[in-house]
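These notes are about the structure you will find just below.
Owing to the predicted nature of the structure, the values given are computational and were not obtained by experimental measurement. Ligands are counted one by one from 1 in listed order, and the atoms in each one are counted from 1 as well.
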Amino acid sequence: MRNYTHLLLDIEGTIVLDKLYAPVPGAVEWFNSLAPRGVRARLVTNNTTESPDDLYEILVSKGFVFEKSDYFTCLTEAVVRMRRRKIKSCYAMAAPAVKDYLRRQGIEPVENSSAQSILVGYDPTLTYEKMNMAVSAIIENGAVLFTLHRNRRFVNEKREIAMSAGPIAAALEHATLTRAVVCGKPERRFFLDAIKGWDVPEGEILMVSDDPFADLVGAKRLGMATCWVLTGSQRDPKAAEKIAVKHRPNYIFNSVVDIPA
Ligand SMILES: [Mg+2]
């Protein structure tokens, strides 16, 4: 494997093991050794259970050293996308921490159909009434529908299979005949915003993730090199055979610490 000077790194399953954010063994030392060796690294995550500020603090408390400007979540991207459209209010179908974050970023969280935007995230208290409020905001008030990502399922903190934001966004799209703006990975726009300011061709960038299907296929479509690590949700290297040859990961390693960056 050649050396890459620019890395995009997924967080969960890649540098930390799970929702308790325990680092992958050796990952803190490996990550912190990148900058002194002249390797640029940015973190990219679809995490929707913490606010970006909280997750940043958690990672720093685990020992990872990085600037907030090298850190992109689907929620930081949602704020960027809302600002570009001059949106000032949002009905967020998401955890209270997400609403607090929006408020701090100047986007007022509202709990009625007058919102200028709807944001689909992870809301374990979701009801039929809330869904109807979102539909009414879109149909009657022209609210713009955003979703943090289109993931179908995830394993929740009780280790149960749980429905993710994707099916909720799909239901709202179907009910309103609209298309949601997708904020996180593997959207092309998300990756382009994450590599902004890096003055290198996409082929010089290595995207590293435990998800060879969504994350790595999305990065590869943009021309990046991709590396699958087997520390997360997908651990059987044979799974790569289900992916079209041109979209398969360039490299497979047991752990990020094995990447000779
Ligand atoms: Mg992951």
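- One of the N, O or S atoms belonging to Glu12 lies under 2.8 Å away from the Mg ion (ligand 1).
- Taking the Mg ion (ligand 1) as reference, Asp210 places its N/O/S atom OD1 nearest.
- Among Asp193, Asp10, Asp70, the single residue meeting the salt bridge (charged side-chain N to carboxylate O under 4.0 Å, His left out) criterion with Arg42 is Asp70.
- Across Pro167 and Asn151, no two heavy atoms sit closer than the pair CD-O, 3.6 Å.
- Relative to the six-membered ring of Phe191, Arg188 misses at least one condition, a distance below 6.0 Å or an angle of at most 45° to the axis.
- When side chains are defined from C-beta on, Leu206 counts as touching Met1, because their heavy atoms get closer than 4.5 Å.
- Put simply, Asp10 gets within reach of the Mg ion (ligand 1), with an N, O or S atom under 2.8 Å from it.
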